[in-house]
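Worth saying up front: this structure is predicted, and the values here are computed from it rather than measured. In what follows, every chain begins at residue 1, and chains take the letters A, B, ... in the order their sequences are listed.
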Amino acid sequence: MTARKRYWLMKSEPDAFSIDDLERVGTEPWNGVRNYQARNFMRDGMRVGDGVLFYHSNTKVPGIVGIARVASHAYPDDTQFEPRSHYHDPKATREQPRWYLVDVAFERKLARTIPLEEIRQHADALGEGFPLTARGSRLSVFPVTAAQWKLLLSLE
DNA sequence: GCCAACGTTGGC
DNA sequence: GCCAACGTTGGC
């Protein structure tokens with residue numbers, strides 16, 4: 001029984017971790033997510049092989065820059081246990097982890113960046129509540145429908 | 001660098 | 001359970 005592939009969008013600040021970094025390392029544990037909604041999507045929704053739109057945030061031209069895929073099931077984010085880590089969470093324990101992540105594997109870079117500015121022009125087609133075009137949304141991991149995936153990549 | 005919007009925390 | 005204060009996100 002093979003489940004249908006799902007699609008996601010994941011944001012990263014290129015100064016911290018860019019699509020080029022992912023290309024170089026191949027696979028990366030997506031650590032540092034400290035938002036419950038984003039965590040739940042990774043922990044409860046993602047499956048190996050799912051498609052990921054890689055988005056650069058907080059940069060000169062924010063937008064979708066590449067495609068990756070989910071490369072592991074969710075498991076605890078080790079950085080929550082490390083006192084030295086920027087992502088340390090004193091309330092998390094090995095027995096009761098609070099934060100989970102998945103491994104993300106590089107697939108390809110887009111031929112060009114699809115800028116947020118351009119994505120906004122398709123806000124109606126993407127639908128109300130799509131986090132990239134919804135006002136004020138800061139969600140860094142969220143699901144993308146097959147139709148949204150197709151539309152966004154058609155802009156490449 | 002600014003700052004609006006948002007999520008989380010903790011006092012009550 | 002409310003909500004003010006605070007810290008963070010992320011476009012501009």
Residues Glu156(A), Arg108(A): salt bridge by 4.0 Å N-O rule: yes
Looking only at non-hydrogen atoms, find the nearest pair between Gly32(A) and Thr79(A) and report the distance. N-OG1, 4.4 Å
Just checking Lys91(A): base, sugar-phosphate only, or nothing, at a heavy-atom cut-off of under 4.0 Å? sugar-phosphate
Check this one for me: any side-chain N or O of Lys11(A) less than 4.0 Å away from OP1 or OP2 of dG10(C)? yes
From NE2 of His88(A) across to P of dG7(C) the rounded distance in Å is 19 Å
Tell me which of Asn58(A) and Asn35(A) sits closer to the 5' end of DNA chain B, going by the nucleotide each one is nearest to. Asn58(A)
What is the distance from CG of Leu116(A) to C1' of dT9(C), rounded to the nearest Å? 14 Å
Give the rounded distance in Å between these two atoms: CG of Asp15(A) and P of dG1(B). 13 Å
Are Tyr87(A) and dT8(C) close enough that a side-chain N or O sits under 4.0 Å from OP1 or OP2? no
Whole angstroms only, please: what is the CD-P distance between Glu118(A) and dG11(C)? 15 Å
With the threshold set at 4.0 Å, does a side-chain nitrogen-carboxylate oxygen contact exist between Asp77(A) and Arg39(A)? no
Return the value, rounded to whole Å, for the distance between atom CG of Leu132(A) and atom P of dC6(B). 15 Å
Looking at Arg138(A) and dT8(C), is any side-chain donor or acceptor paired with a base atom of the opposite kind under 3.5 Å? yes
Measure across Gln80(A) and His88(A) and return the closest heavy-atom pair with its distance rounded to 0.1 Å. O-CD2, 3.1 Å
Please report the distance, rounded to the nearest Å, between CZ in Arg120(A) and P in dG10(C). 13 Å
Using whole Å, what does the distance between atom C1' of nucleotide dT9(C) and atom CD of Gln37(A) come to? 14 Å
Figure out the CG/C1' separation between Leu139(A) and dG10(C), and round it to whole Å. 13 Å
Arg98(A) and Asp89(A) ion-paired at < 4.0 Å: yes
Sugar-phosphate only, base, or nothing, as touched by Arg39(A) at under 4.0 Å among non-hydrogen atoms: nothing
Answer with base, sugar-phosphate or nothing: what part of the nucleic acid does Arg135(A) contact at a heavy-atom distance below 4.0 Å? sugar-phosphate
